[in-house]
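Proteins get letters first, then strands, A, B, ... in listed order; numbering begins at 1 in each.
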Number of protein chains: 2
Amino acid sequence: MIDAVTIWEVKVQLGELCKQQRQRYKISQEDLAQELGLSRYTIQKFENGKNATLDTVLKIANHFNLLEKLYQALKNLENTNDINSLY
Amino acid sequence: MIDAVTIWEVKVQLGELCKQQRQRYKISQEDLAQELGLSRYTIQKFENGKNATLDTVLKIANHFNLLEKLYQALKNLENTNDINSLY
DNA sequence: TATATTTGTGTATTATAATAAACCATATAA
DNA sequence: TTATATGGTTTATTATAATACACAAATATA
């Protein structure tokens, strides 16, 4: 059994993804916050792996055009019968 | 431009996925809440598409062995350079 | 260098997710 | 039928995410 991924690691990864996408489009935390109607502090905390609400996460995902992809991934999981469909 | 997926739809889909997985393993909302250290009301609201915290969502995902899959999906997004890598 | 911008951090307040406890309707089992 | 279990809902309280400031430390730009 390989090391299981932890909730903490997923949150860190989510934050890093946000930071990476944001920097790719060369916008500041302040800019992103403004465009999403959030405070910069909320973006700041999210990018540093802190807890957040689903609305915050999905607003950010939507801004970087990742919502459709997420939705389809969820649809696929629904059709996946087995727990570990690895093969 | 095809209909864009909304944040609301993703939350509904997340809730349905939880409900579906839970029923597949024949456990009640109460059971799931107990096992995750959450209240039944939190599960109830999440399954009905209400807002929730990332911790709640990830606890549920982890319980149904979906955390690793999510983590890998995020890693893949990080390597995806273009916004719409459709081709 | 100096200046501006961005990020990280702190504090107080507000908004709201989470909890705990009930209650009712429905479904399932005895 | 009568119990039992489950899901949906309400109310009150608690915990905490989000906000709005401020300020310092980096980072980039002139």
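The stretch residues 5-13 of chain B has no heavy atom under 4.0 Å from DNA chain D, so no residue of it qualifies as close.
Summarising the geometry of B:I60 relative to B:L36, their closest heavy-atom pair is CG1-CD1, 3.7 Å, with the distance given to 0.1 Å. Considering all non-hydrogen atoms of both residues, B:Y71 and A:Q13 come closest at CE1-CB, 3.9 Å.
Residues satisfying the side-chain hydrogen bond (donor to acceptor under 3.5 Å, both in side chains) test with B:K59, not counting sequence neighbours, are none. Contacts of A:K50 classified as side chain to side chain contact (heavy atoms under 4.5 Å, CB included), with partners at least two apart in sequence or in another chain: A:K45. Partners of B:E16 according to the side-chain hydrogen bond (donor to acceptor under 3.5 Å, both in side chains) rule, which considers only residues two or more places apart in sequence or in another chain, do not exist here. Under the side-chain hydrogen bond (donor to acceptor under 3.5 Å, both in side chains) criterion, A:Q34 pairs with A:E30, not counting sequence neighbours. For A:N48, the side chain to side chain contact (heavy atoms under 4.5 Å, CB included) partners are A:Q44, not counting sequence neighbours. Qualifying salt bridge (Lys or Arg N to Asp or Glu O under 4.0 Å) partners for A:D31, counting only residues two or more places apart in sequence or in other chains: none.
Using a 4.5 Å cut-off between side-chain heavy atoms of Ile, Leu, Val, Met, Phe, Trp and Tyr, A:V12 falls into a hydrophobic cluster with A:W8.
Side chain of B:E35 to backbone of B:L32: no donor-acceptor contact under 3.5 angstrom is found. Between the side chain of B:N51 and the main chain of A:D55, a donor-acceptor pair closer than 3.5 Å is present. In this structure a side-chain-to-backbone donor-acceptor pair under 3.5 Å is present from B:R22 to B:I27.
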Under 4.0 Å protein heavy-atom contacts per nucleotide of nucleotides 7-25 of chain C, with B for base, S for backbone only and - for none: BBB-B-----SBBB-B---
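Using modelled atom types and a 3.5 Å distance limit, the side chains of A:E68 and A:Q72 yield a donor-acceptor pair.
Per the geometry, CD belonging to B:Q34 stands 12 Å off P belonging to D:dT6, to the nearest Å.
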Within the sub-3.5 Å range, which N or O atoms of nucleotides 26-30 of chain C have a protein N or O partner, and how far apart are they?
none

Any protein N or O atoms within reach of nucleotides 25-28 of chain D? Criterion: under 3.5 Å, listing atom names and distances.
none

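No continuous path of ILVMFWY side-chain contacts below 4.5 Å connects A:Y41 to B:L54, so the two sit in separate hydrophobic clusters.
One axis for each end of the helix from C:dT1-D:dA30 to C:dA30-D:dT1, each built from five base pairs, and the angle between them comes to 50° at 10° resolution.
Using a 4.5 Å heavy-atom threshold, the side chains of B:L77 and A:F64 count as separate.
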